[in-house]
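Position 1 is the first residue of the sequence; numbering continues from there.
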Amino acid sequence: MSKRLSPRLQHNVTEDAYCETHLEPARLFCDVDQITLCSKCCQSQEHKHHMVCRIQEAAENYRKLFQEILNTSREKLEAAKSILTDERERMAMIQEEEQNFKKMIESEYSMRLRLLNEECEQNLQRQQECVSDLNLREALQNQVINLATELEEVFQEMLQRLGHVGRENMKKLKESEARVSKQICSLRKLIVELERKCGEGALALLKNAKYSLERSKSLLLEHLEPAHITDLSLCHIRGLSSMFRVLQRHLTLDPETAHPCLALSEDLRTMRLRHGQQEGAGNPERLDFSAMVLAAESFTSGRHYWEVDVEKATRWQVGIYHGSADTTGSTARASGEKVLLTGSVMGTEWTLWVFPPLKRLFLEKKLDTVGVFLDYEHGQISFYNVTEMSLIYNFSHCAFQGALRPVFSLCIPNGDASPDSLTISPQRGPSCDAAVSP
């Protein structure tokens, strides 16, 4: 049953809703034509098959619809504000990220150039032992210059590509910011209009009600989503230095530091998860906070490289462990003990992180083999995708103190047996006829 109108609203209906054709009060409303009708109008052929109800009932129906749209509009306004805040934060973040990747490229270039010069110098010395021809020596020196020039061109191209991706990302974010800001303005106007509409009397509310309703709905149907930008980590630095073969170290796992959940192979190169606890779990050198184990070897100077097979692990970490470290800029200060690359696989999805600080990376394919390069004097740690021959991430300007030890970790199992394992790849000797490459 329809609600009775207030005396004030009844007065307005009687006074304003009046049929000039039949000179009778218009107490009905045609939803099709959006007009008020008297009882005689309702009987006419024109409105015979139209949806007609009392004015106050029609007003209450539309008021409910307007209120629902008002609530949805408020929710969408809050969502739009959140997106706008995120877009502005992403603008600042991608600028910082671009600077970080620029530093990574410059750091990698400096390291590659040092290794290239060292490799060329070694080749030159070997040639001088066999040949005293000055022309040949000059040719070898020119080769070094040409390779260094080629290396610089490659890295300059990387910087240009990074800059281009950064500009495109910023353009998309600014366009998104403008688009979201415009929608926020429209939503605010809509909310004001709907609030006014919901507070009006029956006749005022019904005026152009269907048009207002459709216009409101069309605004809410506009899709709103953040800008799709290119992850800067897709700007891969390709290639591995051939000097890595010379610098690759023979590493073994240290049983004295192995977590009780780990079983080590006889050759001390493979670690697996297992049930039960190992003897000697109270050893103070054990890394009991995680299923970790340190390498038996440690480094206090020089350049070193090793590779780890992670194909059979679903959650793993590789990196270095050190007693203390101080750094400048975006470095390893936050860890105090570890610099890590972490991989995690769940079903067909997998993620990659570096630490510190904790940062998620994007790679198109799952990692099978990770290469780790350490330059102690220059304070650099780099992680490589050996299969794709590309840099994953590097930390530079780290100030190390004391001995550094490679560290390896698997996630502690949650009850069920896990076949996860990590293997330190065997040392590959340098090729006798290795060509000098950038």
| said: Donor-acceptor check, side chain of Ser298 to backbone of Ala403, threshold 3.5 angstrom: yes or no? | reply: no
| message | Quick one about Ser396 and Gln380 (side-chain donor to acceptor, distance below 3.5 Å, no hydrogens or angles considered), yes or no? | response | no
| query | Are Tyr62 and Asp31 side-chain neighbours, meaning at least one heavy-atom pair lies under 4.5 Å? | reply | yes
| said: Students often mix this up, so state it plainly: with edges at 30° and 60°, are the rings of His304 and Phe299 parallel, tilted or perpendicular? | reply: parallel
| query | Is a side-chain N or O of Asp309 found less than 3.5 angstrom from the main chain of Ser425, in a donor-acceptor match? | reply | no
| Tyr384: partners by ring-ring contact (aromatic ring centres under 6.0 Å, His included), with sequence neighbours left out | Phe244
| request: Only counting residues at least two apart or in another chain, list the ones meeting side-chain hydrogen bond (donor to acceptor under 3.5 Å, both in side chains) with Glu177. | output: Arg88
| query | Within the side chain of Arg63, is there an N or O that forms a donor-acceptor pair under 3.5 Å with the backbone of Glu200? | reply | yes
| message | For Lys103 and Glu106: C-alpha separation, side-chain torsions, deciding distance, then whether salt bridge (Lys or Arg N to Asp or Glu O under 4.0 Å) applies. | response | CA-CA 5 Å; Lys103 291 177 181 177; Glu106 292 172 345; over 6 Å; no
| query | When you measure from the side chain of Thr149 to the backbone N and O of Ile145, does any donor-acceptor pair fall under 3.5 Å? | reply | yes
| said: Checking Asn385 against Ser390: is there a side-chain donor and acceptor pair closer than 3.5 Å? | reply: no
| task | Would you check, one step at a time, whether the test salt bridge (Lys or Arg N to Asp or Glu O under 4.0 Å) holds for Lys171 with Glu168? | result | CA-CA 5 Å; Lys171 178 183 176 182; Glu168 286 297 310; 5.2 Å; no
| remark: All heavy atoms of Phe395 vs all of Pro356, minimum pair found to be CE2-O, 2.9 Å
| message | Considering only residues two or more places apart or on different chains, which pairs with a residue in residues 215-227 satisfy side chain to side chain donor-acceptor pair (under 3.5 Å)? | response | Glu193-Arg215, His223-Glu225, Glu225-His228
| query | side-chain contact (heavy atoms from CB on, under 4.5 Å) with Gln99: which residues, sequence neighbours excluded? | reply | Lys102
| said: Tell me whether Gln34 contacts the main-chain N or O of Lys210 through its side chain, where contact means a donor paired with an acceptor under 3.5 Å. | reply: yes
| task | Determine yes or no for a side-chain-to-main-chain donor-acceptor pair under 3.5 angstrom, with Arg269 supplying the side chain and Ile424 the backbone. | result | yes
| field | Pro226 side chain reached by Asp86 side chain, heavy atoms, under 4.5 Å | value | no
| field | Straight-line distance of Leu221 CG to Lys76 NZ, nearest 0.5 Å | value | 7.0 Å
| task | Look at the aromatic rings of His322 and Phe400 and report parallel, tilted or perpendicular, splitting at 30° and 60°. | result | perpendicular
| request: List for me each residue that meets side-chain hydrogen bond (donor to acceptor under 3.5 Å, both in side chains) alongside Arg179, sequence neighbours excluded, and say none if there are none. | output: none
| query | Between Gly239 and Arg112, which heavy-atom pair has the shortest distance, and what is it? | reply | O-NH2, 2.6 Å
| field | Side chain to side chain, Arg114 and His378, heavy atoms closer than 4.5 Å | value | yes
| query | Looking only at side chains, do Glu75 and Asn71 share a donor and an acceptor under 3.5 Å apart? | reply | no
| Residue list, salt bridge (charged side-chain N to carboxylate O under 4.0 Å, His left out) with Lys312, at least two apart or on another chain | none
| Side-chain donor/acceptor of Glu87 to backbone N/O of Ala227, under 3.5 Å | yes
| message | Less than 4.5 Å apart, side chain to side chain, heavy atoms only: is that true for Met389 and Arg238? | response | no
| field | Test side-chain contact (heavy atoms from CB on, under 4.5 Å) applied to Leu262 and Phe408, step by step | value | CA-CA 11 Å; Leu262 296 176; Phe408 313 89; over 6 Å; no
| message | Closer than 3.5 angstrom, by distance alone: can the side chain of Asp368 be matched with the main-chain N or O of Glu311 as a donor-acceptor pair? | response | no
| Looking only at heavy atoms, what is the nearest atom pair of Leu264 and Ala258, with distance? | CD1-CB, 4.1 Å
